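These numbers come from a predicted model, not from an experiment. Sequence lines set the chain letters: A, B, ... in the order given, protein chains first and strands last, and positions in each chain run from 1.
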Amino acid sequence: MQDLIIEAGRTERQYWRDLWRYRELFMFLAWRDLLVRYKQTIVGATWSIVRPLLMMVVLTVVFGRFAKMPSAGVPYPIFVLCAMIPWQFFAAAVSECGHSLVGNAALISKVYFPRMTIPASSIMTSFVDLMLSGVLLAALMAWYQFLPDLKVMALPLFLLMVFAAALGIGLWISALMVRYRDFRFIVPFLVQFGLYVSPVGFASDIVPAEWRTLYALNPMVGVIDGFRWSLLGGATTWHWPSFLVSLGVVLLILVSGIKYFRHTERTFADVI
Amino acid sequence: MSDAIITFEKLSKRYIISHQRAKGDGFRHVVESALRRPWRWLRGAEDGPAANQEEFWALRHVDLTIQQGEVVGIVGRNGAGKSTLLKILSRITEPTEGRIHLRGRTASLLEVGTGFHPELTGRENIYLNGAVLGMSRLEIRRKFDEIVSFAEIDRFLDTPVKRYSSGMYVRLAFAVAAHLEPEILVVDEVLAVGDATFQRKCLDKMDDAGKAGRTVLFVSHNMQAVTRLSSRCVLLEKGEITLDGPPHKVASAYLNAGAMGSAVQEWEPSNAPGDDVVRFHAVRIRSEAGTVVDLIDIRQAVGIEFDYQVMKPGYIFHPHFLLRNEDGVTLFVSIDLDPEWSGRRRPPGRYVSTGWIPGNFLAEGAMWVGAHLMTLAPEKWRCGVPDVVMFRVVDPLEAKDTARGDYTRPLLGVMRPLLRWTTKTHDVEHAAPVTR
């Protein structure tokens, strides 16, 4: 027999246990988002490959051909795609995550479960896209006969980092959007803007050395540098200060995001 | 009290209502205060309520103990706190004070089809909805066939539910919910959906749940369902429990509760509608017994009473009223044709005229009365107020002598007259005895 006591502030104490108990719901929600994603489309999941491919072509042409940016001796398409994989994941995850609570308002006002299940599961679709882009990258590397070295072992670490960054910002935005729909307009802007201030189309070495640490306040700088460093077999240099700054920012965003989410979560059903 | 499966202790829920866009809640204000004291803000230290906010207690000190196997119906007017109670019980929102102690797996059903996704097929939605309601994947797989046959949708299992008819949709949604097997089931007004046969099936299913020793808590406006299903009934009024007992007693108390609020409108001479000829004192709804009521049994006649002062002699008066139902349909107009005063000039004085609407004539629901005073010769509309008083017609549970007879589901139509029916027979072998 399960005993349960409901009183003000009580959910706090059972929260993490509940989050674990509802892991199946997490999987189901992620599964739903994936299923629904390409319903009534003609080419379906191919879109997950086509989008990064086209984006890569555009960035290669603009930054590699026209602007003739340096790419550390790596073929420009590979150089760009290494950055685009984490960036597109981040951009998509933040915007999916941000809209997730409002998009599931019906669930929130009618059923109980730890609310963090929703933004967390919404990231999973973007994660599947990331895997598919990974396949694209592998194909591209095979085409150019480019082989990463052992540094690729560090990749999961950077994956974790981009996950944390996306979840942190996603939690902030999703919780804020419940109350302030202003964020519906802020998010697309943020994502678009972010593409230009993150080293996606170019290498971060082009930033003057004295500014580089400051530049890393944008957490995606550390993430993208990390991806390039581990995938491109040492073609790019490792810059500790900027990595640590980015990592610090990511952790700060994640911890504060969880805190803020937990704090506002109790009133979601009343406000949404 | 060792058998108590649910215990409410002094449960209260407060909402803060902002009358205007509250200053303390604007985005700019929040950003400002967050920038000023980021950590304090994150921890959730809140400023006091702003001046233009008001407290509202949706529930106040609710104490209730429910034993295992009881089926408890919760009734009350809109805004009495029923839904808030269920929401707290389902952990969707937290109480402000007090606590609930639940001993057993709880499933709540505040809406059928929560989490259904229109793009997904029936099959996919069964799994999704089951998960939302707290079933495990194994459990759903085990009951899958049963759910499908209960919903009667076998042929459409792989069709997206957006192509379902609304009946199929509801059947599927309820079928999933009906196969939950919790120890405590919390249900909100789900009986108001689906067609008659399916509703019957749902009622039976809930009945089974109660018989299987499950504890059920449900809210309904359907008094028939409440009395049929529950073993105990609780009346909520303004967030407090005002009555707790056998269902038929509570239900009839609820139906007869004569809140005088809108069944009567009285005026001071200074602000009464009128002109120099005539002026209103009051408009009232009266039962045949003569009391002012706002709830009328469908079998009873209801009187629309005009209380007015005639100040100038020499006029022929025609009070008349206009009856609207809650959908805004004007049902009819009735003009005072009392033979005693018809065509007769009235001397000054106070008059009380009442128009009687017969029993078994109006349909169920809220009725709005517009009261007007008109004079003939010269013909002139003197004064009147649209929708000045209101009453509600109820078709009570135990009544068989109404237009619905033994039929228990909602009836269509803006009127519900009890008509005389006749039957002629030809070549009938032999009539079976009356079965009731």
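Separation of atoms CD1 (A/Ile6) and OG (B/Ser90) is listed at 8.0 Å; rounding is to 0.5 Å. B/Glu94 contributes atom CD, which lies 9.0 Å from atom OH of A/Tyr112 (distance to the nearest 0.5 angstrom). Atom CZ of A/Phe28 and atom CG of B/Leu128 lie 7.5 Å apart (nearest 0.5 Å). Taken from CD in B/Glu119 to CZ in A/Arg37, the straight-line distance is 14.0 Å, to the nearest 0.5 Å. To the nearest 0.5 Å, atom NZ of residue A/Lys110 and atom CG of residue B/Asp188 are 6.5 Å apart. Note that CZ of B/Arg137 is 12.0 Å distant from CG of A/Leu25, once rounded to the nearest 0.5 Å.
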Passes side-chain contact (heavy atoms from CB on, under 4.5 Å), B/Leu110 versus A/Val111? Steps please. CA-CA 8 Å; B/Leu110 300 197; A/Val111 192; over 6 Å; no
Assess whether salt bridge (Lys or Arg N to Asp or Glu O under 4.0 Å) is satisfied between B/Lys13 and A/Asp270, documenting all intermediate values. CA-CA 11 Å; B/Lys13 172 77 181 177; A/Asp270 300 332; 3.3 Å; yes
Test side-chain contact (heavy atoms from CB on, under 4.5 Å) on A/Leu107 and B/Thr114; report intermediate values, then the result. CA-CA 6 Å; A/Leu107 274 186; B/Thr114 309; 3.6 Å; yes
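When heavy atoms are compared at a cutoff of 4.5 Å, B/Tyr15 approaches chain A solely by way of its side chain, counted from C-beta outward. Only the side chain of B/His117 comes within contact range of chain A, with at least one heavy atom under 4.5 Å from a heavy atom of that chain. For A/Phe113, no part lies near chain B; criterion is any non-hydrogen pair under 4.5 Å. In this structure, the portions of B/Ile88 lying under 4.5 Å from any heavy atom of chain A include both its backbone and its side chain. For chain A, the nearby parts of B/Ser136 are the backbone and the side chain; heavy atoms of each come within less than 4.5 Å.
Of all the listed residues (A/Arg32, A/Arg115, A/Glu24), the one sharing the greatest number of non-hydrogen pairs under 4.5 Å with chain B is A/Glu24. Between chain A and the options B/Thr93, B/Thr7, B/Thr96, heavy-atom pairs under 4.5 Å are most frequent for B/Thr93.
Ion pairing between a basic and an acidic side chain is recognised when a charged N comes within 4.0 Å of a carboxylate O; A/Asp18 and B/Arg91 show such pairing.
Residues B/Glu124 and A/Leu35 meet the side-chain proximity criterion, which asks for heavy atoms closer than 4.5 Å. A/Val36 is listed as a side-chain neighbour of B/Leu120, based on a closest heavy-atom distance under 4.5 Å.
The 12-atom threshold is exceeded at CH2 of A/Trp31, counting heavy atoms of other residues, nucleotides or ligands nearer than 6.0 Å. The local environment of CE in B/Met168 is crowded, with over 12 non-hydrogen atoms from other residues, nucleotides or ligands closer than 6.0 Å. In the displayed structure, B/Lys238 atom NZ is contacted under 6.0 Å by at most 12 heavy atoms of other residues, nucleotides or ligands. When the shell of 6.0 Å around CD of A/Glu210 is examined, it contains more than 12 heavy atoms from other residues, nucleotides or ligands.
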